[in-house]
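One structure is given here, and the rest of the page talks about it.
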Amino acid sequence: IDWSSCALRGRAKRCSLWIMCAPKGAGVMDMPLAEFNIGTLKYDWDDPRVADFVDNLDRVYDIARRSPGYIWHMENDDMEVAQLEVGGALGANPRTASTLSVWADVASFRHFVFQTVHKQFYDRKAEWYDPDGQGTRLVMWWVADGHIPTVSEAMERFHHLEKHGNSDHAFGWNHLN
């Protein structure tokens with residue numbers, strides 16, 4: 001996108017502003033997609049009952065990295081620090097499991113989630129995640145090219161979705177269907 005003709009350039013952070021400056025024929029769905037999912041494991045990370053989940057994280061992330069449309073995800077070590085940070089955005093629960101990633105488009109992310117080995121693990125989430133208090137577990141939002149979201153940004157979008165439902169600011173799968 002050529003931002004030079006946009007009076008709002010440098011300040012166009014939200015989808016509605018991007019649309020105002022976008023070239024004719026471009027749309028929000030042409031922007032990269034950020035996604036954040038979060039849950040609480042039923043058992044500690046080293047418990048044998050979650051071993052199949054834990055032992056396959058690298059495998060699933062490797063598939064994501066090789067998938068068309070994959071841009072970035074927060075690496076495990078960085079996410080673990082964010083998850084365990086006392087007073088941090090994720091609440092310091094040692095059983096938190098979360099992913100923050102960016103994809104070129106919805107189709108690429110949807111393909112990864114539902115048409116790769118990831119789906120085998122997705123279908124088994126009830127074995128590993130605590131169903132109590134889970135509610136919303138995924139939030140998506142559009143980001144500018146080159147933007148790498150933070151955990152704080154992700155949690156702000158997550159809470160916005162919980163409080164207000166689907167919007168251009170934060171949405172789930174049903175907003176895209």
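Since we're looking at a predicted model, the values are computed, not measured.
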Between W72 (side chain) and L100 (backbone), is there a donor-acceptor pair under 3.5 Å?
no

Heavy-atom distance under 4.5 Å between the side chains of M79 and L90, does that happen here?
yes

Has R137 got its NZ or CZ under 6.0 Å from the middle of the six-membered ring of Y129, at an angle within 45 degrees of the ring axis?
yes

Does a salt bridge link D62 with R59, judged by any charged N lying under 4.0 Å from a carboxylate O?
no

List the atom of G172, the atom of L161, and the distance in Å for their closest heavy-atom pair.
N-CD2, 4.2 Å

Does any N or O in the side chain of K163 come within less than 3.5 Å of the main-chain N or O of F158, such that one atom is a donor and the other an acceptor?
no

Heavy-atom check, side chain of I63 versus side chain of Y70, under 4.5 Å:
no

Spacing of CD belonging to E127 relative to CG belonging to L41, to within rounding of 0.5 Å
12.5 Å

Should I148 and M155 be counted in the same cluster of Ile, Leu, Val, Met, Phe, Trp and Tyr side chains packed under 4.5 Å apart?
yes

Kindly state whether the ring of F171 and the ring of W141 have centres lying under 6.0 angstrom apart.
no

Using a cut-off of 6.0 Å, state whether more than 12 heavy atoms not belonging to N174 lie near its atom CG.
yes

Student check: side-chain heavy atoms of I38 and F36 closer than 4.5 Å:
yes

Before you tell me yes or no, could you show the steps for D58 and N76 under side-chain contact (heavy atoms from CB on, under 4.5 Å), namely the whole-Å CA-CA distance, both residues' side-chain angles and the distance that decides it to 0.1 Å?
CA-CA 9 Å; D58 288 339; N76 291 342; 3.5 Å; yes

Would a line drawn from the ring center of F109 to the ring center of W173 be shorter than 6.0 Å?
yes

To the closest 0.5 Å, what do you measure between OG (S152) and CZ (R157)?
12.5 Å

Side chain to side chain donor-acceptor pair (under 3.5 Å) assessment of T99 paired with Y61:
CA-CA 10 Å; T99 302; Y61 282 128; 3.2 Å; yes

When rounded to the nearest 0.5 angstrom, what is the spacing between CD in Q83 and CG in N93?
9.0 Å

Is NZ or CZ of R49 both nearer than 6.0 Å to the six-membered ring centre of Y43 and within 45° of the ring axis?
yes

Within the 4.5 Å heavy-atom criterion, are D105 and L33 side-chain neighbours or not?
no

Is L176 reachable from V113 through a run of I, L, V, M, F, W or Y residues, each pair having side-chain heavy atoms under 4.5 Å apart?
yes

With a cut-off of under 6.0 Å to the ring centre and 45° to the axis, is K125 in cation-pi contact with Y122?
yes

Determine whether F112 and W103 make a side-chain contact, defined as any pair of heavy atoms from C-beta on separated by less than 4.5 Å.
yes

Any ion pair linking R95 and D44 (charged N to carboxylate O, less than 4.0 Å)?
yes

H175 versus S167, closest heavy-atom pair with distance
NE2-O, 3.8 Å

Specify the closest pair of heavy atoms between A82 and V151, including all atoms of both residues, with the distance to one decimal.
CB-CG2, 3.8 Å

How close do P149 and E153 get, heavy atom to heavy atom, and via which atoms?
CA-OE1, 3.2 Å

Do D52 and R124 sit within salt-bridge range, that is, some charged N less than 4.0 Å from a carboxylate O?
yes

Less than 4.5 Å apart, side chain to side chain, heavy atoms only: is that true for D123 and F114?
no

Within the 4.5 Å heavy-atom criterion, are M74 and S101 side-chain neighbours or not?
no

Are the side chains of H169 and E156 in contact, using a 4.5 Å heavy-atom criterion?
yes

On a heavy-atom basis, which atom in A170 and which in H160 lie closest, and how many Å separate them?
CB-ND1, 4.1 Å

Assigning hydrophobic clusters by single linkage (Ile, Leu, Val, Met, Phe, Trp, Tyr; side-chain heavy-atom cutoff under 4.5 Å), is V50 placed with L57?
yes

Give the intermediate values and the outcome of side chain to side chain donor-acceptor pair (under 3.5 Å) for residues H73 and E35.
CA-CA 9 Å; H73 80 271; E35 73 80 25; over 6 Å; no

Scanning both residues in full, the closest heavy-atom pair of D145 with P32 reads OD1-CG, 3.2 Å

